[in-house]
Structure formats: C-alpha cells, structure tokens
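Ligands are counted one by one from 1 in listed order, and the atoms in each one are counted from 1 as well. None of these values were measured; they are calculated from a predicted model. The figures that follow rest on heavy atoms only: side chains count, while hydrogens, waters and symmetry mates do not.
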Amino acid sequence: MLFSQSMNAAINAQIGREFGASLQYVSIASYFDRESLPQLASHFYRQADEERDHAMRFVHFVNDAGGHVRIPAVPEPQPDFASAEEAVQLALKWEETVTRQINDLVDLALKENDHISKSFLDWFVTEQLEEVSSMDTLLNTIRRAGPLGLLFVEAYIARGNKQAAANEASA
Ligand SMILES: [Fe+2]
Ligand SMILES: [Fe+2]
C-alpha cells in the first residue's frame with residue numbers, strides 16, 4: 001500500500017463528501033428546475049457531475065495506491081430553498097468547507113511525508129480555488145440582480161455555458 005491507513009480512511013471520508021456535494025447540487029438544480037430557471041438548473045446539474053468526477057478521482061487513487069475504498073453513508077441533501085440566493089449561498093458554503101477539508105488532507109500528507117498523496121491532492125487545491133471563486137461570482141451576480149432580476153442571471157449563465165461549450169469543442 002502506497003499510503004497510510006489513516007490517509008486511506010481520510011480519503012474514504014472525502015469520497016463520501018464529494019458524493020454528498022454531488023447530491024446537494026442535484027437537489028439545488030431541481031429547485032431551479034421547479035422555479036423555471038433552466039440555465040441555473042443546468043449549471044448545477046453540471047456541477048453535480050463534476051462532484052461525482054471528484055469522488056471517482058479519489059476512488060481510482062485509493063485503488064491505484066493499493067488501499068481499500070469504503071464509501072460512508074451520505075446524508076440527505078437540503079431539499080428546499082427560500083430563494084435562489086439561499087441555494088447558491090449554501091453551495092458557496094459547501095465549497096469553502098470542502099476547501100478546508102482538502103487542506104486538512106494536504107496537511108496529513110505533509111505530516112506523513114506522503115509525496116504520492118500530496119502530488120495527487122495538488123489538483124484539488126487548484127480546483128477549489130476555481131470552484132470557490134466562480135461560486136462567489138455567481139452569488140454576487142444573483143444578489144446584484146435581486147429576486148426580480150433572475151432572468152438577467154439566466155442570460156449571464158447562458159453566455160458562460162456557450163463559452164464553456166466552445167472551449168470544450170476547441171479542446
Ligand atoms: Fe469537489
Ligand atoms: Fe466543488
């Protein structure tokens with residue numbers, strides 16, 4: 001095994017939290033679907049897929065390193081939101097928490113002189129910077145638009161989605 005039992009256990013806990021984030025984002029996307037805000041909905045369905053990818057990256061890492069994947073029970077995501085702002089605020093808080101959890105994993109890797117895990121975790125450190133920053137921008141956009149301006153937010157996200165599709169096509 002290329003890492004310690006405690007690193008294996010810590011990563012298993014993170015696998016649960018990444019799946020938990022995925023379910024929470026499906027729940028947020030569904031709220032936006034109910035509110036007839038399709039761009040916000042598809043944005044969060046895409047985030048949900050990304051969180052599942054994060055969980056699977058950890059799964060493959062544990063298996064490659066000769067560890068044992070144990071997926072913990074995932075708590076029920078919050079199903080209802082009073083407003084778009086509340087839903088995105090929850091997502092931002094979630095991303096900030098995950099950033100601290102990734103930092104804790106890096107701390108553990110450093111403490112154990114575990115360069116294999118440290119190098120694997122570096123990708124997540126960079127990813128969290130991107131995720132917190134883009135969620136923060138979305139929250140500010142929603143706040144500036146106000147409850148009656150959500151259609152502006154839809155147009156704003158549609159532009160971002162078009163850009164993301166163009167980037168994918170040229171990649
Ligand atoms: Fe994630
Ligand atoms: Fe995330």
Does the side chain of Leu105 reach to within under 4.5 Å of the side chain of Phe58, using non-hydrogen atoms?
yes

Centroid separation under 6.0 Å, is that true for the rings of Phe3 and Phe61?
yes

Got Phe44 and Leu138 here, is their nearest side-chain heavy-atom distance under 4.5 Å?
yes

Kindly give the atom name of the N, O or S atom of Glu18 closest to the Fe ion (ligand 1).
OE1

Atom name of the N, O or S atom of His54 nearest to the Fe ion (ligand 1) is ND1

Taking Glu51's backbone N and O only, do any of them form a donor-acceptor pair with Ser22's side chain (distance below 3.5 Å, no angle check)?
no

Backbone or side chain, does Glu50 get an N/O/S atom under 2.8 Å to the Fe ion (ligand 2)?
no

So which of the N, O or S atoms of Glu131 lies nearest the Fe ion (ligand 2)?
OE1

Could you check which N/O/S atom of Glu51 is closest to the Fe ion (ligand 1)?
OE1

Any side-chain heavy atom of Met1 within less than 4.5 Å of one from His68?
no

